[in-house]
Amino acid sequence: MHGRANFTARAARWSAAHRKAAIFGWLAFVIVAFVIGGSAGMVTLKAGEGGNGQSRLAEQTLAQQFPRERAVEEVLIENPAGRLAGSDYRAAVAGLVARLERTPSVAAVKSPLAPGNEGQISTDGQAALLTFQITGDPTTAQDRVAPALAAAAAVQAAHPGLLIGEFGDGSANKAINERLAQDFQKAELTSVPVTLFILVVAFGALVAAGVPVLLGMSAVAAALGLTELLSHWLHVDQSISSVILLIGLAVGIDYSLFYLRREREERAKGRSAEDALLVAAATSGRAILISGFTVIIAMTGMFLMGSQVFTSFGVGTVLVVAIALLGSLTVLPAVLSKLGDRVDKGRIPFLHRLRARDGQSRVWSKIIGGVLRRPVLWGGAAAAVLVALAIPAFTLHTVNSGAQGLPRDLTVMKVYDRIQQHFPGGAGPTVVVVSAPDVTTPQITAGIGALKRAALATGVMHEPITADVSASRQAARVMIPLAGEGTDNTSNRALDRLRNDVIPATIGKVPGATVHATGWTAQSRDFNDSMKSHAPLVFAWVLGLAFLLMLVTFRSIVIPMTAIALNLLSVGAAYGVLVLIFQQGHLQSLLSFTSIGGVTSWLPLFLFVILFGLSMDYHVLILSRIKESHDNGMSNDEAVAHGLKTTAGVVTSAAIVMVAVFAIFATLGMIDFKMMGVGLATAVLIDATIVRAVLVPAAMKLLGERNWYLPSWLRWLPRVTAETGPAPGPPAPVPRSTARPKRQARRGRRRLSIHRP
C-alpha cells in the first residue's frame, strides 16, 4: 500500500538532501538571533506594568506624578544592650551622616537626631533609622548602592558596640540578584553535565547523547535573543531567561530523543540509513509536530492570566518551543543524515544490552505486560495512589512569599528582620496614593490628616507615617507601615482594614479625590486575587484547545477525554505534594526551608500550564505510536502493548533528564524556586511512571476498541495517518554528498509505502 509522504517526511528529505543549507542555515539563525538580541539588551517590566488591580493603578499614578522618584535606603542603628544614648550613638550617627553626604549617588540624608524626625526612633528607644535616597533611576539603584553600603560598614567597624546595617530597594535588590545569579549559575553548570550523563546512559553512546543537548541549547540561545528583541515592544520579567532555559531544554531533548531513538530502531530492523531517517520523520516527526502544537497551546494559557509577568513568560516559552520544534524537523534530520551510523560513536560497553534490539526497554516491557494482564488491579492501585496524593490539594492556600521567602542568611534580610522588630511594617510600608486636580486643598489636607489618625487608632498600623506631595500637586502619597511580615495573614487583615474601613471613612469621602493603595502587601494581595479570578479562563482555554487538537489528530472522542483526565490527575497529585511539603511544612529540614503557610500565589497556574504542556507532550508521542500500530492493522490490545513498550524507555529517559534538572532548582535558596523545582520534578516523575506506565495501559486495555470511538456526526474530520516508510531492506549508507539530487530521482521518491510490522 502506498501513500503520499507527509509534511515531516518531506521536510526531512529536503534537509537530508541539503545538509549544508539546513545545518549552516540553523547555525546562522541561532547566532544572528543571539547576537542581535544581546546587542539590543533586555527591557524588563517598569513600575506599574507587572501589577494587578488597585495596586497597579496606584503604581501608574506614582510613575506619572513622581517621575524623578528615588530609591529609599534605611540604615538601622541598634543598641543590643539597651536604649540608644551617649556619645557613641551620637558619634555613630554624625559619622554616618558625614560619610553618606560625601558619597556619590546619595541625597536627602535624614538623621534621627534632627528635629522633627522623632518618628525615626523606635518606641523602646533601642533602635533608630537613618534614611537617605539613591539618585537616578530607582530600578537601577542596585548598581549605585555599593558606596553607601561601604559607608555603613565603615561606621559599623568604628563602633563595634552598636549594630549598624542597611536595607532598602537598592541594597535588597543587589543582594538578592547576586544570590540569584549564584544560584542560577550553579543550576546551569550542574544541569548540562547531569543531562549529558543521563543521555549517555539512555543511548549508550557519546555522540548520540550530545545531539539532543546541542539542539536544546541552540533553541534556548535563539529564543533568548528573540525575546530580548521583543522586550523592546513588550517588556518582560527578569526571570524569563530561567523559564526559557527550563522549557527549552525539556522539549528540545524530548523531541531529539524520540526522533533519534526511532531512527536507530528502524536502522536496527535492517532499513537503509536513508529509509530509517524518512520513517522516523514520517512517524516520530509527525508526532513531534502535533506534540509541539499541544505544548504551545498550553503555554498560550499564560496570556490569559491577567498579568504582564506571565504574558512575558508566555512569549518566551512559545518562542522556545516553536524554535525547538523547527529545529527537530529541519536541522536534526540533516545532522542525523550527516552522521549516519556514526551517531553511535563513543559507545559505552554493556549499556546497549539494557534494551532489546527492537528498541523496547526490557524493564518497562515486563511492567507494562503485567499491567495489561491485570488492568483493574494495577490501574485501580495507581489511581488510588494519585487520588490520595491529590486530596491535600483541596486545602491549597496561596500566599505571596515576599520577604518571607527570601534566604534568611543574607545580611540584608537580617537587617530587615531587625527593622521589622523595632519598626513593624516600616521596611515595606503600604503607600496610599491620593489623586485630585489639587491635593493641597484644605479638604484633601484634612482628609489625609484624618487618614493618619484613623490608621494609628486601629492598632495594626504604626509610626512612622509620612506624607508628601508631587511637584504638580495632583497627587499625594501617604506611607503607612502595617503590622505583620508584609505578606502574611496579619498584614493582609491590616490591609483589608485600611482599604475597607479607614480610607472610605476619611480621605475616601472627600469629593474629587481618587484613592488607591499599593506596596508589598497590596501588590501581593491583588496579584493573588487576579490569579484566582483568571484560573477558570486559563483552564477552559488550555483544556478546550488541547481536546480539539487531539480530537482531530486521533479521530477519537475518547482519547482526548481520557488524556485530559489522566493529566489533570497527575497535576492534582503535584499540587497535593506541594501542600504537604510547603504548606503543611513536611521535609523542612531536608529541603532547608521554613514554611510560609502556603504555596506562592503565582505557582499553581504556572505549574498547571507547564505540567499540562509537558505531560501532554509525552501523551501525544506515546499515543501517536499506538495509533500508528492500530492503523497498521494491530488490534487495540496489540497496539497498546507495542506502542507503550517501544516508547516507555524514551519517556523514562526524557523524564529523568527533566526530573534531574528541575530537582536542581529545589536546592536553590529562594523558596519560590524550591517550590517550582519540587512541583515540576514530582509531577514529571509521577506522570512518566504511574500515569504513563500504569494508568495509560490499564485504561486503554479496559476501554478496548472504544478508545477509537468517533461519533457519526464527527466523521467529517480529516483522517491523519502515520506512515512507516518502505519495507526493511539491506542496510545502505546515507549519501555523504550534499549535492542536490537529480530532478528525476526526487520525483521518484515522493511517495512512501506503508509497511505493516
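We use all heavy atoms of the structure for the numbers below, so side chains are in, but hydrogens, waters and symmetry mates are not.
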Listed by chain and number, what are the side-chain contact (heavy atoms from CB on, under 4.5 Å) partners of [X], not counting sequence neighbours?
{"X": "F197", "result": "V201"}
{"X": "L224", "result": "V220, S241, I244"}
{"X": "L685", "result": "V659, T689"}

What I'd like to find out is whether the side chain of [X] reaches to under 4.5 Å of the side chain of [Y], using heavy atoms alone.
{"X": "I247", "Y": "M299", "result": "yes"}
{"X": "L545", "Y": "W541", "result": "yes"}
{"X": "V552", "Y": "L548", "result": "no"}
{"X": "L623", "Y": "I626", "result": "yes"}
{"X": "F593", "Y": "I581", "result": "yes"}
{"X": "F303", "Y": "V315", "result": "yes"}
{"X": "L710", "Y": "L551", "result": "yes"}
{"X": "D631", "Y": "K627", "result": "yes"}

Between atom [atom1] of [X] and atom [atom2] of [Y], what is the distance when rounded to the nearest 0.5 Å?
{"X": "I557", "Y": "N707", "atom1": "CD1", "atom2": "CG", "result": "13.5 Å"}
{"X": "I564", "Y": "L569", "atom1": "CD1", "atom2": "CG", "result": "13.5 Å"}
{"X": "L611", "Y": "Y575", "atom1": "CG", "atom2": "OH", "result": "7.5 Å"}
{"X": "I288", "Y": "Y255", "atom1": "CD1", "atom2": "OH", "result": "7.5 Å"}
{"X": "L336", "Y": "L277", "atom1": "CG", "atom2": "CG", "result": "6.0 Å"}
{"X": "M675", "Y": "L680", "atom1": "CE", "atom2": "CG", "result": "13.0 Å"}

Original post:
So which pairs with a foot in residues 672-696 pass ring-ring contact (aromatic ring centres under 6.0 Å, His included), sequence neighbours left out?
Top reply: F184-F673
**OP:** Any pair with a residue in residues 548-568 that passes ring-ring contact (aromatic ring centres under 6.0 Å, His included), sequence neighbours left out, goes on the list, sorted by first then second residue, please.
**Re:** none
Just checking, any donor-acceptor pair under 3.5 angstrom between side chains of [X] and [Y]?
{"X": "S312", "Y": "D237", "result": "no"}
{"X": "N528", "Y": "W602", "result": "no"}
{"X": "R692", "Y": "H619", "result": "yes"}

**OP:** Count the heavy atoms belonging to other residues, nucleotides or ligands that lie under 6.0 Å from CZ of F293, then report whether that count exceeds 12.
**Re:** no
Under the side chain to side chain donor-acceptor pair (under 3.5 Å) test, residues paired with [X] that sit two or more places apart:
{"X": "S218", "answer": "W26"}
{"X": "D637", "answer": "K701"}
{"X": "K674", "answer": "none"}
{"X": "D617", "answer": "S291"}

Give a yes or no on whether the backbone of [Y] and the side-chain of [X] come within a donor-acceptor separation of less than 3.5 Å.
{"X": "E628", "Y": "T283", "answer": "no"}
{"X": "Q583", "Y": "L580", "answer": "no"}
{"X": "T600", "Y": "L603", "answer": "no"}
{"X": "S629", "Y": "R625", "answer": "yes"}
{"X": "Q588", "Y": "G585", "answer": "yes"}
{"X": "S595", "Y": "F582", "answer": "yes"}

**OP:** Kindly indicate, with the supporting measurements, whether the criterion side-chain contact (heavy atoms from CB on, under 4.5 Å) is fulfilled by S653 and L199.
**Re:** CA-CA 7 Å; S653 301; L199 291 177; 5.5 Å; no
Nearest heavy-atom neighbours spanning [X] and [Y]:
{"X": "S615", "Y": "N567", "value": "OG-OD1, 3.0 Å"}
{"X": "S256", "Y": "L332", "value": "CA-CD2, 3.9 Å"}
{"X": "G643", "Y": "T647", "value": "O-OG1, 2.7 Å"}
{"X": "P604", "Y": "T398", "value": "CG-CG2, 3.8 Å"}
{"X": "T682", "Y": "V678", "value": "OG1-O, 2.7 Å"}
{"X": "A281", "Y": "A9", "value": "CB-CA, 3.9 Å"}

Subject >> Residue pairs, two or more places apart or on separate chains, that pass salt bridge (charged side-chain N to carboxylate O under 4.0 Å, His left out) and touch residues 557-575 >> reply: none
**OP:** Start with the C-alpha gap between V343 and R264, add the side-chain angles, then the distance that decides, and say whether side-chain contact (heavy atoms from CB on, under 4.5 Å) holds.
**Re:** CA-CA 9 Å; V343 76; R264 293 289 85 195; 3.5 Å; yes
Subject >> Those residues that, when tested against W708, pass ring pair (Phe, Tyr, Trp, His ring centres under 6.0 Å) (two or more places apart) >> reply: H630
Original post:
Below 6.0 angstrom between ring centroids: does that apply to F313 and F310?
Top reply: yes
**OP:** Take T553 and V620, measure what side-chain contact (heavy atoms from CB on, under 4.5 Å) needs, and give me the verdict at the end.
**Re:** CA-CA 9 Å; T553 300; V620 168; 5.7 Å; no
Original post:
Does a side-chain N-to-carboxylate-O contact under 4.0 Å join E265 and R261?
Top reply: no
**OP:** Please determine if E266 and R262 form a salt bridge, counting it only when a charged side-chain N lies under 4.0 Å from a carboxylate O.
**Re:** yes
Subject >> salt bridge (Lys or Arg N to Asp or Glu O under 4.0 Å) partners of D254, counting only residues at least two apart >> reply: none
**OP:** I would like to know whether R555 and L714 meet side-chain contact (heavy atoms from CB on, under 4.5 Å); could you show each step before the answer?
**Re:** CA-CA 8 Å; R555 285 182 56 83; L714 286 175; over 6 Å; no
